[in-house]
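Remarks on the structure that follows.
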There are 2 protein chains.
Amino acid sequence: MRPDDILEVRKLHLFENMQEDNFQAMLNAAYLQTFPAQAELIREGDPSDFLYVVLEGTIELFAQSNDHETTMAMVRPFNTFILAAVLKDAVYLMSARTVQRSRVLMIPNSNVRAALETDSGFTRSIVIELAGCYRAVVKDQKNLKLRTTIERLANRLIRYHKEQGSTGSLELFHDKKTLASLLGMTPENLSRAFNTLKPYGVRVLGNRIELEDLDALETFAKPDRLIDDRSV
Amino acid sequence: MRPDDILEVRKLHLFENMQEDNFQAMLNAAYLQTFPAQAELIREGDPSDFLYVVLEGTIELFAQSNDHETTMAMVRPFNTFILAAVLKDAVYLMSARTVQRSRVLMIPNSNVRAALETDSGFTRSIVIELAGCYRAVVKDQKNLKLRTTIERLANRLIRYHKEQGSTGSLELFHDKKTLASLLGMTPENLSRAFNTLKPYGVRVLGNRIELEDLDALETFAKPDRLIDDRSV
DNA sequence: CGACGATTTGAATAGGATCAATGGGAGTGG
DNA sequence: CCACTCCCATTGATCCTATTCAAATCGTCG
């Protein structure tokens, strides 16, 4: 692993409270890998072997059952995925593949659990990270059960817009197909949903979306901080 | 708190790895309360103040937004709820009310976090508990996104049947209205879904459901251990 | 240029929601 | 004890959202 990579990883929330020697030991056992787009990293049902930390790129978490497939989440730097499976030493509940070329830190299962036992700073970080993951899924579920598809799209646009600096326009960092699945609808429906939002100033230019009347869109979308605020 | 209550609490997974003096300190600060049916325990959006452990009865976790309300989960003994909010010292994402008269242990927020710092056995239990909660919600979400309402009902019946000892019949421990909301459908639709399952041997007798042809039902439901098995 | 996949549009359908009305217990008060 | 009420559950009819199927368009890449 390159020295600047190490410095970068060291600064992640997950590791910042960790003792230096424990950190070194864990890093020695870990792999830093770069995957091309569309690479399958893990498959649901397999026993967990690594904790993954996304350093660059985008990872799609998805699940299948019954001949259907759905996108569960998109993981961006600098977040982890599949943490719960590692902690419980259980099988993965979701599969993961890269969307773009991505750089990923892979920490063997046993090393994570060893560090958990010996390093209380790390344990604290893990607890916070895991609690954050839990709350994210709960928000997702509220989103799914309490809103229509169009409301979900509107609120997602508002969220991405804010995350990208509220410049009046935003970039979708994944396919519309994937966005549709993430929001729990079909691609055809997503396309129609965009049309429905046109009167509220939503303009679609490929992967770039312009929000020309944020007030109107927010009035329609009724954002709810207990669903949409990632920081809550 | 009565001595036999203390013994009972001591045996919970969450506390069994805790040091005796830490356990005593925590219990001294905790409240053991009995609530009548339909009592509201917490409201979403409020800052977290207690970690709750259900000792007896049933608690409904629900959420509201946009004039709609949905049941997120039913918590039965001996599970905790609202753990993530306590750990992050954040506001609750869900509200909670009793379904039946229920006995609940309430541990103040600060005591949970103090014990987390000082007792590594407790920390380990918390991590496992939280990871379990996370995986439960992920399964719920797969259930919602990958199955139709009828499939969800069929698999839920199979699950309850197994949990209650596979005797050929099962008891719903909550209203059909609540079950409908939990499964993400309307009460009217639940009623129709039961009718649709009649050819597979599902007989409804008030709160008691008899499964007269489990094979047929399972063939229809296609249970998936990565969704339906609570132990995975 | 041609091929392929992604996106959009259109038409038909299905699944589920809503609205309305009825039946059925459980609890209440006379 | 019985009538009354209220809430839950069921049933029917209709509406609406979203899916499916089909086809056209667009853009990208070789």
Side-chain angles (χ1 to χ4, degrees), chain A residues 36-38 58 60 65-71 97 99-101 143-157 171-198 202-210 220-221, chain B residues 36-38 58 60 62 65-71 97 99-101 143-157 171-198 202-209 220-221:
Chain A
Q38 298 304 323
T58 308
E60 178 186 1
S65 188
N66 225 335
D67 277 337
H68 289 262
E69 177 179 314
T70 190
T71 301
R97 67 184 155 223
V99 175
Q100 315 147 354
R101 178 186 153 88
N143 197 29
L144 271 175
K145 291 182 83 176
L146 293 168
R147 285 175 171 161
T148 65
T149 51
I150 299 172
E151 289 169 338
R152 294 203 287 275
L153 174 60
N155 282 295
R156 184 65 60 131
L157 293 178
E171 180 112 20
L172 300 176
F173 45 73
H174 37 61
D175 285 3
K176 296 221 179 80
K177 199 170 81 168
T178 310
L179 177 62
S181 182
L182 185 60
L183 295 176
M185 55 176 136
T186 58
E188 294 96 324
N189 228 337
L190 175 64
S191 195
R192 291 181 182 112
F194 270 122
N195 277 328
T196 308
L197 292 179
K198 205 174 279 180
V202 175
R203 201 152 306 280
V204 181
L205 309 161
N207 262 20
R208 176 148 293 282
I209 314 287
E210 301 195 341
F220 170 82
Chain B
Q38 298 303 324
T58 309
E60 177 186 2
F62 63 102
S65 188
N66 225 336
D67 277 335
H68 288 262
E69 177 179 315
T70 190
T71 302
R97 66 184 156 222
V99 175
Q100 315 147 355
R101 179 186 153 86
N143 196 30
L144 270 176
K145 291 181 83 176
L146 293 168
R147 286 174 169 160
T148 66
T149 51
I150 300 173
E151 288 168 339
R152 294 203 288 275
L153 173 60
N155 282 295
R156 184 63 60 132
L157 293 179
E171 180 112 21
L172 299 176
F173 44 73
H174 38 60
D175 285 3
K176 295 219 180 79
K177 197 170 82 167
T178 309
L179 177 62
S181 182
L182 185 62
L183 295 176
M185 56 175 135
T186 58
E188 294 96 324
N189 232 332
L190 176 64
S191 196
R192 291 181 182 112
F194 270 121
N195 277 328
T196 309
L197 292 179
K198 206 173 279 181
V202 175
R203 200 152 307 280
V204 180
L205 309 161
N207 262 20
R208 175 148 295 280
I209 315 286
F220 170 82

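Heavy atoms only: backbone and side chains are in, while hydrogens, waters and symmetry mates are out. Chain naming here is simple, since letters A, B, ... match the order of the sequence lines and numbering starts at 1 in each.
Taking atom CD of B/Glu151 as the reference point, atom P of C/dG15 lies 10 Å away to the nearest angstrom. Regarding A/His68, its NE2 atom lies at a distance of 14 Å from the C1' atom of D/dA18, rounded to whole Å. For B/Met185 and D/dC16, the CE to P distance is 23 Å, given to the nearest whole Å. Rounded to a whole Å, the NZ atom of A/Lys145 is 17 Å from the P atom of D/dA18. One interatomic measurement links the two molecules: CD1 of B/Ile150 to C1' of C/dA14, which rounds to 11 Å at whole-angstrom precision. Taking atom CG on B/Leu205 and atom C1' on D/dA9, their separation rounds to 14 Å, with Å as the unit.
Contact annotation: A/Thr149 side-chain N/O to D/dA18 OP1/OP2 distance is under 4.0 Å. Considering only side-chain N and O atoms, A/Thr148 lies nowhere under 4.0 angstrom from the phosphate OP1 or OP2 of D/dT17.
Considering A/Leu182, A/Val99, A/Leu179 as possible partners of A/Thr71, the one that fulfils the side chain to side chain contact (heavy atoms under 4.5 Å, CB included) test is A/Leu182.
A distance-only check finds no donor-acceptor pair linking the side chain of A/Ser191 to the backbone of A/Pro187 [under 3.5 Å].
If one axis is set at each end of the helix from C/dC1-D/dG30 to C/dG30-D/dC1 from five pairs, those axes are 30° apart, to 10°.
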Fill in the blank from the handout: Protein heavy-atom contacts under 4.0 Å, written 5' to 3' over nucleotides 5-12 of chain C as B (base), S (sugar-phosphate only) or - (none), form the string -SSSBBB-
